[in-house]
Structure formats: structure tokens, C-alpha cells
*Asks:* 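Supplied in C-alpha cells, the structure appears directly below.
Note that ligands are numbered from 1 as they come in the structure, with each ligand's atoms numbered from 1 the same way. Positions are given from 1 along the sequence.
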Amino acid sequence: MTHIAFQKKGAPVEVEADFIVVGSGAGGGAVASGLARGGAKVAVVEAGPWRDPEHYPSSMYGTMRDMFDDWTSLMTFGRALWPVLQGRVVGGTTTINSAIVVRTPADIFQSWEKNYGFGGEALAEKVWAHQDQLEKELYVQETAPDKMGRSNELALITSQKRGVEGHVIRRNVKDCEGSGQCLQGCKKERKQSTNLKMIPEVMERGGMVLSCAPVHKIMLKGNRAVGVTGRFVHPQTKEKGAKFVVRAKHGVVVAASCTHSPALLQRSGIKGRMLGQLFRAHPGSAILGLYDDDINMPFGATQGWSSLEYRNTPGFKLETLNMPLELIAGRISGGGMRLMDRLKNYRRLALWVVACRADSIGTVSNGPFGKPIVKYTMNQTDMAKLRDGAVEVAKHHFAAGAKAVMPGVLGVPYELHEKDLHHLENASLDPRAWTSILTHLFGGCPMGANPDVGLCDERGRVFGYEGLVVADASVMPTNLGVNPQHTIMGLARQRAAELLEDIS
Ligand SMILES: Cc1cc2nc3c(=O)[nH]c(=O)nc-3n(C[C@H](O)[C@H](O)[C@H](O)COP(=O)(O)OP(=O)(O)OC[C@H]3O[C@@H](n4cnc5c(N)ncnc54)[C@H](O)[C@@H]3O)c2cc1C
Ligand code: SF4
């Protein structure tokens with residue numbers, strides 16, 4: 001088992017493999033383990049550090065420092081500065097996500113075929129077959145009723161009462177203990193993030209991992225990708241270490257995320273009309289409900305209930321989300337004594353969210369110091385969807401017995417009672433008024449029938465280059481309206497099967 005972590009300045013580290021996989025998250029982990037199972041020697045090159053669960057920080061502050069990308073400082077450039085959240089650690093965003101697993105809906109493959117000239121039933125069958133296998137490997141299951149916690153339970157009972165679709169979420173978690181800490185990494189090793197299952201499997205099968213190793217450039221020989229280079233970076237001090245050069249016999253697979261994959265390809269001089277285009281997201285906003293009785297968010301699955309009632313019309317999804325006190329403190333408005341006073345209610349708060357299936361499109365480009373620049377503004381139609389979703393969440397809270405809700409929208413009173421809901425219904429559609437974050441990202445290196453509509457073909461191969469494949473969320477030309485990791489993994493496993501076929 002080979003793991004090369006941070007190396008101090010000195011002689012360059014040079015290694016060779018059949019395939020290089022850049023990034024170890026949902027896409028990188030799935031494609032690397034698929035390739036390794038087929039007998040290929042794989043080198044996974046990951047910008048973030050290796051963290052074993054017992055070393056995951058206990059505080060959210062520590063998690064942001066050690067496991068999130070750039071302290072969560074990446075923001076959208078546009079009408080509003082909304083945070084773009086991702087992991088930077090072995091396991092990528094799967095290490096700090098909520099483990100929700102949703103199969104790719106059939107309408108997605110149809111829309112890709114209709115609008116971008118690839119996909120359709122043939123791709124659907126292949127991806128679903130990989131998802132069957134992934135669900136077994138990753139112990140995908142519903143949370144046990146006694147580990148749901150009060151917030152998830154309340155949302156579930158209320159959807160039954162109101163007659164809206166609502167269900168217990170399926171997650172890639174084996175015997176969840178309901179500690180509500182998925183966003184800090186599961187210290188109890190229940191969540192099957194790629195750093196626990198897929199990356200160790202790559203190593204057991206003769207592959208290697210370079211961690212703390214952000215790839216600066218893809219090496220090209222003519223139009224063929226032959227390797228990657230960069231410099232190790234110390235995860236805490238940010239000290240620059242030795243140079244690394246990894247050479248690939250058969251190809252380089254890029255899976256560095258929707259923001260870092262396009263930026264890396266641009267830095268490497270890759271040309272393509274669609275490079276950095278079709279960036280999309282599911283921007284989300286959270287509404288707190290204040291209850292008479294204890295909710296106790298620190299107990300229960302981090303996310304246990306979801307509703308897809310409005311996925312297609314008007315286009316949003318609802319979910320519960322148990323958050324630690326530190327994050328709630330960042331979400332509640334006010335400071336000093338006023339904030340302390342508001343936080344006294346923590347035990348009686350439930351946080352439920354709306355994630356908007358936005359049609360708005362942005363771009364990604366490579367910025368100074370290798371930091372991606374994301375240009376993105378939600379249009380007014382999408383903002384109206386977000387607002388409708390927020391109103392729906394508030395109604396769900398009231399139907400569940402909340403005595404007040406806190407929407408956190410500028411111009412809307414801090415605390416709203418049911419009779420005051422019109423304030424939220426008429427809230428501003430200016431994105432600057434809303435507290436929103438982007439966690440589900442799509443596009444940047446989209447697949448398409450030809451270079452006019454896609455950067456990559458239907459097999460993730462970058463048009464005009466050889467041995468260069470993209471296998472992460474950036475290949476999706478549309479959003480999904482459901483949580484993306486399962487689709488990313490299903491597509492990535494399909495990429496592995498195709499690459500193995502090519503070299504056999
Ligand atoms: C807080 C949060 C909760 C979420 N919850 C869920 C959920 O419950 N279910 C779900 O389906 N989705 C969820 N998501 C989204 C999901 O986790 C992501 O869509 C998915 O992980 C993206 O996969 P990816 O392979 O594209 O990128 P990532 O998983 O982000 O992996 C990219 C990897 O590439 C590395 N990298 C970047 N640049 C370089 C470079 N230059 N060189 C080397 N390595 C590099 C990064 O460090 C990272 O490890 C959540 C996201 C967030 C932020
Ligand atoms: S809720 Fe707790 S035990 Fe369950 S997967 Fe998340 S962190 Fe692990």
C-alpha cells in the first residue's frame with residue numbers, strides 16, 4: 001500500500017502508473033476503484049490531506065480549516081456573494097457530505113439526449129446497473145427509526161399529515177448512530193465516504209495515493225495527456241514542498257470538482273469552446289422553526305427527511321438538516337448579547353432547507369493562485385422558485401407545530417408567526433437579500449454531442465485530445481433536481497469500464 005503525503009522541498013517525487021486520477025471525491029474515488037478492480041495500476045493525486053476518522057476535528061471550525069476547500073472562502077461573483085462549499089481532503093466532498101443517495105431520475109437521461117445529444121436509455125441502463133452495485137458496496141439504506149431524531153421525525157409525520165410527498169432519506173451509511181455530525185466527517189466510521197472504502201481499495205490493489213498534492217498542470221505531448229505535475233503543499237502551514245511528477249501510461253482522468261476541473265484544464269492550456277461553461281447549482285436556503293418542546297438537533301441523522309413533491313414544478317426540493325450550534329450561530333442574525341439570547345433557543349430549533357433546481361447558468365475560470373473564479377447570479381425566475389420554496393418550508397414548520405420561523409431574509413422580520421407569512425411571500429427577489437449557499441454543483445466541463453455543445457464527448461473524453469477524460473460532477477450539462485453523488489459515481493464507474501475496455 002503506497003501513500004505519499006507531504007514531502008519537504010528536495011528532489012522531485014517521480015512516479016508512474018497506468019492511469020492518473022486527479023481528485024479522490026465522488027467521481028475520483030469511483031473511477032479509481034473501478035479501474036483498480038480491472039487490474040490497472042492507478043495513482044490518485046489529491047490536493048487535500050489524508051485524515052483518518054479519529055483525527056477528524058471535533059469542531060466545525062477545525063473541519064473548515066482541515067477538510068473544506070480554502071476555509072469555505074470560495075464565493076460566487078455576481079449580484080450576491082454566495083459561498084460555494086466543497087471538500088479538500090482525501091475523500092473530497094464525500095468526507096464532509098450528508099451521505100444522501102438518490103438514483104438518477106430517468107428524465108435526466110432524456111433531457112441530456114434531447115438537449116445535448118448524448119444519454120438516453122442506453123446510458124441510463126448502464127448508470128443504473130452501476131448504481132445497483134454501488135448501493136450494495138456502500139450499504140445504502142434508510143436511517144433506522146430510533147436514530148432519526150426529532151427534527152426528521154416531525155418533518156416526516158407532517159408530510160403525511162399535509163398529503164405532500166415526503167420520505168425517509170436513503171444514505172450510504174452502515175448502522176448510523178444519529179450523531180448529526182456528517183458535515184464534520186463521521187468519526188464513528190459509519191458513513192461510507194470514498195476515503196474509507198474506495199481509496200483504500202485502490203491501494204490494496206497495488207495503486208498509490210499522493211495527498212497534499214494539488215495538481216498544477218496536466219502534461220501534454222502533442223495533444224496526448226501523459227502525466228501531471230505540481231508541488232506538495234503542507235495542509236496547515238501551506239508551506240510549499242517538493243515538486244511531483246506523475247506519468248501515465250494510458251491516460252489522465254480529471255475529477256477535481258466543478259470548480260477545480262475547469263480551472264486545472266485552463267491552466268494546462270486545454271482549448272475548448274465549452275470549457276468553464278454551463279456551471280449550474282442547487283442554491284439552498286435554510287428556514288429555522290422554533291418549537292415549544294425540545295428538538296435537540298445534535299441527535300439524529302444529519303439529514304433524514306426529504307420531499308420531491310416540487311422537483312419539477314416549480315423546481316425545488318425540501319430537506320431537513322441537523323446543524324451544530326456553531327453553524328446555527330453563523331446562520332442567526334445579530335451579534336453580542338442579542339445573538340447569545342437568540343442562541344438560548346438552540347435546543348428548540350429545527351432547521352429545514354429548500355434547494356432550488358435553478359436554471360441559471362454561470363461560468364468557471366482559472367483565477368490567481370489556482371483559485372477558481374465562479375461567476376453566477378440567480379435570475380429572477382429562479383429567485384421566485386427559491387422564495388416559493390422558503391414559504392413552503394415555513395408552512396411545513398407551522399403545520400408541524402412551530403410557534404415561529406426565522407427565514408433570515410433581509411427586509412423580512414427576524415421572527416415570523418403564521419399570520420405574518422405574507423412578509424416572506426412578498427420578500428425581495430434580490431439575491432443580496434438572501435442567505436444562500438451552493439453545495440450541489442454541476443457543469444464546467446460538460447458532455448455533449450460535439451465541441452459546440454460540450455467540452456467532452458458522451459464518454460467524458462475531452463474533444464481534440466487523447467488520454468484525457470473528465471469523471472466528476474463537472475461533466476453534467478444540467479442539474480438533476482436530486483442529490484448528485486450517486487449520479488457522479490454511476491457515471492464515473494461507467495468511465496472506468498470504458499477505459500478498461502479501450503486498453504484490453
Ligand atoms: C456540505 C455538503 C453536503 C452535501 N451532501 C450531499 C449528500 O448528502 N448527497 C449528495 O448526493 N451530495 C451531497 N453533496 C454534494 C456532493 O458531495 C458532491 O456533489 C460530490 O462530492 C462532487 O463530486 P466530485 O467528484 O465532482 O468532487 P469532490 O467530491 O468535491 O472531489 C474533488 C476532489 O478533487 C480535489 N482537487 C481539487 N483540485 C485539485 C487539484 N488541482 N489537484 C488534485 N486534487 C484536486 C479536491 O480536494 C477534492 O478532494 C454535498 C455537498 C456539500 C458541500
Ligand atoms: S449521523 Fe453521525 S453516525 Fe450517522 S453517518 Fe452522520 S456522522 Fe455518522
Side-chain angles (χ1 to χ4, degrees), residues 20-31 44-49 53 56 63 67-70 72 83-102 143 147 149 169 171-195 210-218 228 230 233 254-261 263-264 267 281-282 284 298-304 306 319 321-322 370 372 437-442 444-445 470-476 480 482-489 491-492:
I20 295 166
V21 175
V22 181
S24 61
V31 73
V44 176
V45 188
E46 165 56 53
Y56 293 163
T63 312
M67 289 157 76
F68 273 85
D69 188 18
D70 226 355
T72 71
V84 181
L85 300 191
Q86 297 177 105
R88 192 177 186 87
V89 61
V90 174
T93 309
T94 71
T95 309
I96 47 95
N97 78 10
S98 303
I100 301 172
V101 172
V102 186
T143 306
K147 300 293 184 293
I169 288 172
R171 299 184 307 144
N172 52 343
V173 176
K174 193 177 180 200
D175 303 328
C176 177
E177 288 191 19
S179 69
Q181 289 205 321
C182 298
L183 307 187
Q184 288 122 288
C186 180
K187 275 176 172 285
K188 299 179 187 290
E189 299 189 32
R190 304 304 160 105
K191 182 169 69 170
Q192 308 295 302
S193 39
T194 61
N195 59 326
L210 281 75
S211 66
C212 311
V215 172
H216 180 58
K217 274 193 175 165
I218 296 164
V228 300
V233 174
V254 177
S257 80
C258 288
T259 61
H260 287 286
S261 289
L264 169 61
R267 275 203 302 278
H282 292 154
F299 178 74
T302 304
Q303 298 203 255
S306 167
E319 281 167 1
L321 174 56
N322 284 328
I437 56 167
L438 277 60
T439 55
H440 297 172
L441 315 176
F442 306 87
C445 304
V470 185
D472 58 13
S474 71
V475 296
M476 290 191 266
L480 300 175
V482 298
N483 312 61
Q485 69 169 348
H486 208 21
T487 302
I488 300 165
M489 288 187 182
L491 283 168

*Asks:* Look at E177 together with R190 and state whether they make a salt bridge at an N to O cut-off of under 4.0 Å.
*Replies:*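 Salt bridge flag = yes for R190 with E177.
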*Asks:* Quick one: which ligand 1 atoms are inside 4.0 Å of a heavy atom on A473?
*Replies:* 26 (O)
*Asks:* Below 3.5 Å, N or O to N or O, backbone or side chain included: is there any such pair between N97 and ligand 1?
*Replies:* yes
*Asks:* Just to be sure I read this right, does ligand 1 sit under 4.0 Å from the backbone of S257, its side chain, both, or neither, counting only heavy atoms?
*Replies:* both
*Asks:* Which ligand 1 atoms does T93 reach within 4.0 Å, using its non-hydrogen atoms?
*Replies:* 17 (O), 21 (O), 28 (P), 29 (O), 30 (O), 51 (C), 52 (C), 53 (C)
*Asks:* Please classify the H440 to ligand 1 contact at 4.0 Å (heavy-atom distances, strictly less than): side chain, backbone, both or neither.
*Replies:* side chain
*Asks:* Write out the residue and atom name of the closest protein heavy atom to atom 2 (Fe) of ligand 2, then the distance separating them to 0.1 Å.
*Replies:* S179 OG, 2.3 Å
*Asks:* Measure across K187 and Y56 and return the closest heavy-atom pair with its distance rounded to 0.1 Å.
*Replies:* NZ-O, 2.6 Å
*Asks:* Out of curiosity, N172 CG to Q485 CD, how far, rounded to the nearest 0.5 Å?
*Replies:*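 It comes to 5.0 Å.
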*Asks:* Quick one: does ligand 1 sit under 4.0 Å from the side chain of A99, the backbone, both or neither, non-hydrogen atoms only?
*Replies:*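 For A99, the contact with ligand 1 is made by the backbone alone.
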*Asks:* Is there a polar contact between ligand 1 and P484, counting only N or O atoms under 3.5 Å apart?
*Replies:*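 Right, the criterion is met.
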*Asks:* For atom 6 (Fe) of ligand 2, decide whether C182 has an N, O or S atom at a distance under 2.8 Å.
*Replies:*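 An N, O or S atom of C182 is closer than 2.8 Å to atom 6 (Fe) of ligand 2, so yes.
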*Asks:* Look at ligand 2 and say whether A99 reaches it with a heavy atom at a distance under 4.0 Å.
*Replies:*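 In this structure, A99 fails to qualify as a contact of ligand 2 - no heavy atom is under 4.0 Å.
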*Asks:* Among all protein heavy atoms, pick the one closest to atom 42 (N) of ligand 1 and tell me residue, atom and distance.
*Replies:*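 It is V215 N, 2.8 Å.
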*Asks:* Tell me which protein heavy atom sits closest to atom 23 (O) of ligand 1, plus the residue, atom name and distance to 0.1 Å.
*Replies:* A26 CB, 3.4 Å
*Asks:* Give the atoms of ligand 2, by number and element, whose distance to some non-hydrogen atom of T302 is under 4.0 Å.
*Replies:* 1 (S), 6 (Fe)
*Asks:* Are any of the N or O atoms of H486 closer than 3.5 Å to those of ligand 1?
*Replies:*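 For ligand 1, there is no N or O atom that lies under 3.5 Å from one belonging to H486.
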*Asks:* Can you name the atoms of ligand 2, numbered from 1 with element, that are less than 4.0 Å from a heavy atom of V173?
*Replies:*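 Near V173, meaning under 4.0 Å from one of its heavy atoms, ligand 2 has 5 (S).
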*Asks:* Okay, side chain of D70, backbone of T72: is any donor-acceptor separation there less than 3.5 Å?
*Replies:*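 Looks like no, no N/O pair under 3.5 Å.
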*Asks:* For ligand 1, which atoms, with element, lie under 4.0 Å from some heavy atom of T439?
*Replies:*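 Those qualifying, in numeric order: 15 (C), 51 (C), 52 (C), 53 (C).
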*Asks:* For ligand 1, does V90 get within less than 4.0 Å through its side chain, its backbone, both, or neither, judged by non-hydrogen atoms?
*Replies:* neither
*Asks:* Looking only at protein heavy atoms, which one is nearest to atom 25 (O) of ligand 1, and what is the separation?
*Replies:*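 Answer for atom 25 (O) of ligand 1: G27 N, 2.9 Å.
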*Asks:* Please report which non-hydrogen protein atom sits nearest to atom 37 (C) of ligand 1, along with the residue it belongs to and the distance in Å to one decimal place.
*Replies:*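 Ranked first by proximity to atom 37 (C) of ligand 1 is A256 O, 3.3 Å.
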*Asks:* Does I100 reach ligand 1 with a nitrogen or oxygen that is under 3.5 Å from one of the ligand's nitrogen or oxygen atoms?
*Replies:* yes
*Asks:* Quickly, which of T95, T94, T93 forms a side-chain hydrogen bond (donor to acceptor under 3.5 Å, both in side chains) with T194? Name it, please.
*Replies:* T94
*Asks:* Nearest protein heavy atom to atom 3 (S) of ligand 2, by residue and atom, and its distance?
*Replies:* E177 N, 3.3 Å
*Asks:* I'd like to know whether ligand 1 has V482 as a neighbour, heavy-atom separation below 4.0 Å.
*Replies:*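 So V482 does not count as touching ligand 1.
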*Asks:* In terms of residue, atom name and distance, what is the protein heavy atom nearest to atom 11 (O) of ligand 1?
*Replies:* Q485 N, 2.7 Å
*Asks:* Using a strict cut-off of 4.0 Å, indicate which atoms of ligand 1 neighbour a heavy atom of N483.
*Replies:* 9 (N), 10 (C), 11 (O)
*Asks:* Just need the protein heavy atom nearest to atom 49 (O) of ligand 1, so name the residue and atom and give the distance.
*Replies:*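 Among all protein heavy atoms, the one nearest atom 49 (O) of ligand 1 is E46 OE1, 2.7 Å.
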*Asks:* Flag the pair V45 / I20 as yes when at least one side-chain heavy-atom distance between them is below 4.5 Å, and no otherwise.
*Replies:*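 When only atoms from C-beta onward are counted, I20 and V45 do touch, with a gap below 4.5 Å.
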*Asks:* Applying a heavy-atom cut-off of 4.0 Å, say which part of R88 lies close to ligand 1: side chain, backbone, both or neither.
*Replies:* both
*Asks:* Distance to 0.1 Å, residue and atom name: give those for the protein heavy atom nearest to atom 45 (C) of ligand 1.
*Replies:*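 Looking only at protein heavy atoms, the one closest to atom 45 (C) of ligand 1 is A47 CB, 3.6 Å.
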*Asks:* Could you see which bit of V45 sits under 4.0 Å from ligand 1, with heavy atoms only: side chain, backbone, both or neither?
*Replies:*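 For V45, only backbone atoms sit under 4.0 Å from ligand 1.
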*Asks:* To the nearest 0.5 angstrom, please state how far the CD atom of Q181 sits from the NZ atom of K188.
*Replies:* 7.5 Å
*Asks:* Any N/O/S atom, side chain or main chain, of C176 closer to atom 4 (Fe) of ligand 2 than 2.8 Å?
*Replies:* yes
*Asks:* H260 heavy atoms, cut-off 4.0 Å: which ligand 1 atoms fall inside?
*Replies:*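 In order of number, 37 (C), 38 (N).
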*Asks:* Which atoms of ligand 1 are found less than 4.0 Å from any heavy atom of V22?
*Replies:* 42 (N), 43 (C)
*Asks:* Counting from 1, what ligand 1 atoms have a heavy atom of I488 closer than 4.0 Å?
*Replies:*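 The list of qualifying atoms is 19 (O), 20 (C), 22 (C), 23 (O).
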*Asks:* I'd like to check which ligand 1 atoms, numbered from 1 as shown, lie under 4.0 Å from a non-hydrogen atom of G87.
*Replies:*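 Listed by number with element, the hits are 46 (C), 47 (O), 48 (C).
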*Asks:* Are any of the heavy atoms in L264 under 4.0 Å away from ligand 1?
*Replies:* no
*Asks:* Considering non-hydrogen atoms of the protein only, which is the closest contact for atom 24 (P) of ligand 1, and what is the distance?
*Replies:*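 Going atom by atom, the protein heavy atom closest to atom 24 (P) of ligand 1 ends up being D472 CB, 3.9 Å.
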*Asks:* Taking both backbone and side-chain atoms of L85, is any N or O found less than 3.5 Å from an N or O belonging to ligand 1?
*Replies:*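 Between L85 and ligand 1 (N or O atoms, distance only) the closest approach is not under 3.5 Å.
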*Asks:* Would you mind running through ligand 2 and noting each atom that sits below 4.0 Å from a heavy atom of C186?
*Replies:* 3 (S), 5 (S), 7 (S), 8 (Fe)
